[in-house]
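Remarks on the structure that follows.
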Amino acid sequence: ITVIRGQRNHCTILKSKIPKNFLFTAKAVKFGHQFWIFGGQRLIEETEYFGLEDDFMKTRNDTLLWNAIKHKYYAGPILPDFQLTLGCPVALNRSHVLILYQEVHQELPEWKCLNGWTYDFYKFQWVQKHFNNCYKFKHLILEILDLIL
């Protein structure tokens, strides 16, 4: 982890490298004194690949927390849905993070659905699946503006 202080000053935190083979193309969000890292894919070693029929990468649903005060990684919560690995995290406050993600409507393929899950780090539990708003893909911008306003 690199801390940037102004335009010309930065430092790298010792022992902050993400553990080997944990995440590739991961998402991260800062809340309070922690960073939550999730999604992405685990790179599979060549020796592990033999005998596997899938690609060289495997999506993970486990997560990591980096504590910026203790400079240490901890295991984070398990994602309840693999769709969340492609989501966009938003810190709501010091203890709650919302992950927004999009999926295709099951019955109407021309429609997309915007979903969101919230995790409560004080209670260490998924709070709820917040919403499931579906919209026709060609009207995406108008529908998102309606959701926001």
Side-chain angles (χ1 to χ4, degrees), residues 1-6 9-45 48 52 54-137 139-149:
I1 294 176
T2 301
V3 178
I4 299 172
R5 295 184 183 122
N9 191 5
H10 71 278
C11 66
T12 301
I13 299 172
L14 296 175
K15 299 179 183 176
S16 65
K17 184 176 179 183
I18 294 176
K20 183 180 179 193
N21 287 336
F22 192 79
L23 299 171
F24 174 69
T25 67
K27 308 285 192 307
V29 62
K30 181 188 181 301
F31 65 99
H33 298 293
Q34 299 187 85
F35 289 91
W36 189 20
I37 305 167
F38 67 91
Q41 299 173 325
R42 180 176 75 93
L43 293 177
I44 296 175
E45 296 283 338
E48 278 186 272
L52 297 176
D54 59 2
D55 201 353
F56 275 100
M57 296 184 210
K58 183 177 179 185
T59 304
R60 298 181 69 126
N61 69 337
D62 54 341
T63 66
L64 272 180
L65 291 171
W66 169 260
N67 187 308
I69 294 174
K70 296 181 181 180
H71 292 197
K72 189 172 181 181
Y73 282 105
Y74 298 96
I78 300 295
L79 300 176
D81 186 339
F82 272 105
Q83 296 282 353
L84 293 173
T85 62
L86 303 173
C88 176
V90 179
L92 301 176
N93 54 36
R94 298 181 72 162
S95 63
H96 290 76
V97 175
L98 168 67
I99 301 176
L100 296 170
Y101 67 99
Q102 178 179 281
E103 64 184 349
V104 176
H105 192 281
Q106 291 179 355
E107 297 167 9
L108 304 167
E110 70 275 8
W111 286 69
K112 306 286 184 202
C113 297
L114 181 64
N115 299 318
W117 284 76
T118 300
Y119 192 81
D120 180 344
F121 282 94
Y122 280 150
K123 295 181 181 177
F124 301 106
Q125 66 184 13
W126 289 98
V127 177
Q128 62 183 336
K129 187 173 182 179
H130 267 292
F131 51 85
N132 185 354
N133 293 314
C134 297
Y135 53 88
K136 204 165 189 175
F137 188 66
H139 300 293
L140 170 65
I141 301 299
L142 296 176
E143 293 294 328
I144 289 177
L145 287 174
D146 285 344
L147 288 173
I148 294 171
L149 304 174

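- To the nearest 0.5 angstrom, Gln102 atom CD is 9.0 Å from Asn115 atom CG.
- For the atom pair Asn67 CG and Tyr74 OH, the distance stands at 5.5 Å (nearest 0.5 Å).
- Note that CG of Leu98 is 13.5 Å distant from CZ of Phe31, once rounded to the nearest 0.5 Å.
- Contact detail for Pro89 and Gly87: the closest heavy-atom pair is CD-O, 3.7 Å.
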Please determine whether side chain to side chain contact (heavy atoms under 4.5 Å, CB included) holds for the pair Phe38 and Val97, giving the CA-CA distance in whole Å, both sets of side-chain angles, and the decisive distance to 0.1 Å. CA-CA 12 Å; Phe38 67 91; Val97 175; 5.9 Å; no
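- Heavy atoms from other residues, nucleotides or ligands lying under 6.0 Å from NZ of Lys30 number more than 12.
- Rounded to the nearest 0.5 Å, atoms CG (Leu100) and CG (Leu114) are 5.5 Å apart.
- Thr85 OG1 to Asp62 CG: the interatomic distance, rounded to the nearest 0.5 Å, is 11.0 Å.
- No side-chain heavy atom of Tyr101 sits less than 4.5 Å from a side-chain heavy atom of Leu86.
- Ring geometry for Trp36 versus Tyr119: interplanar angle of 30 to 60°, hence tilted.
- What you find for Ala91 and Val29 is that their closest heavy atoms are N-CG2, 3.7 Å.
- Expressed to the nearest 0.5 Å, how far CG of Asp81 lies from CH2 of Trp126 amounts to 9.5 Å.
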